[in-house]
Amino acid sequence: QVQLVESGGGLVQPGGSLTLSCAAAGSIVSINTMAWYRQAPGKERELVAQILGRGSPNYADSVKGRFTISRDSAKNTVYLQMSSLKPEDTAVYYCNADVRLQFYTAPVNLWGQGTQVTVSS
């Protein structure tokens, strides 16, 4: 069974930095798009950043210039480097990926369990 395992959340002061990691564990043929979403209390889940199979990143306007998404294809891992964090960045951050489990089959969309990021003094 393939799972997305996240790590790196925590409490950070405004202006601080934090890096999230998400590793796909299990038998995988390939991974297409990998992305980070977040959901704040009382709000809908929103896309933060995504990186396509060939490495082209896209960002939400609210995080452009502050967050960087990257991936290590050899490790089936995606990272989210967050800097200049603001209280409004506080949310549960979820990893998402389109994972191909077997050759000649369509990829399946998987979610991580979520990791809490709290920005507060």
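All values below were derived from every heavy atom in this structure, side-chain atoms included, with hydrogens, water molecules and symmetry-related copies excluded. If you're wondering where the values come from, they're calculated on a predicted model, not measured in any experiment.
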ILVMFWY network linking [X] to [Y], side-chain heavy atoms under 4.5 angstrom:
X      : Y      : answer
Val2   : Val5   : no
Leu18  : Leu11  : no
Leu101 : Tyr104 : no

Linking directly or through intermediates, with side-chain heavy atoms under 4.5 Å: list the remaining ILVMFWY members grouped with Tyr94, chain and number order. Tyr37, Leu47, Val92, Trp111

Could you pull out the closest heavy-atom pair between [X] and [Y], with the gap in Å?
X     : Y      : result
Pro57 : Ile69  : CB-CG2, 3.7 Å
Pro14 : Ser120 : CD-C, 3.6 Å
Ala24 : Ile31  : CB-CD1, 3.8 Å

Look up atom [atom1] in [X] and atom [atom2] in [Y], then write down how far apart they are to the nearest 0.5 Å.
X     : Y      : atom1 : atom2 : result
Asn96 : Leu4   : CG    : CG    : 7.5 Å
Met34 : Ile51  : CE    : CD1   : 9.0 Å
Thr19 : Leu80  : OG1   : CG    : 8.0 Å
Gln50 : Tyr59  : CD    : OH    : 11.0 Å
Cys22 : Gln113 : SG    : CD    : 8.0 Å
Trp36 : Cys95  : CH2   : SG    : 5.0 Å

Evaluation steps, side chain to side chain contact (heavy atoms under 4.5 Å, CB included), between Val117 and Arg38: CA-CA 9 Å; Val117 172; Arg38 67 185 180 187; over 6 Å; no

Report yes or no: does [X] contribute a side-chain atom to a donor-acceptor pair with the main-chain N or O of [Y] at less than 3.5 Å?
X      : Y      : value
Ser21  : Tyr79  : no
Glu6   : Gly114 : yes
Asn32  : Leu52  : no
Arg100 : Thr105 : yes
Thr118 : Thr90  : no

Taking CD in Glu88 as the centre, count heavy atoms belonging to other residues, nucleotides or ligands within less than 6.0 Å. Is the count above 12?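 More than 12 heavy atoms, drawn from other residues, nucleotides or ligands, come within 6.0 Å of this atom.
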
Do Asp61 and Lys64 pass the salt bridge (charged side-chain N to carboxylate O under 4.0 Å, His left out) test, and can you show the C-alpha distance, the side-chain angles, and the key distance before you say yes or no? CA-CA 5 Å; Asp61 288 342; Lys64 281 182 180 177; 3.1 Å; yes

Pair Val12, Met82 - check side chain to side chain contact (heavy atoms under 4.5 Å, CB included), show working. CA-CA 11 Å; Val12 63; Met82 305 182 291; over 6 Å; no

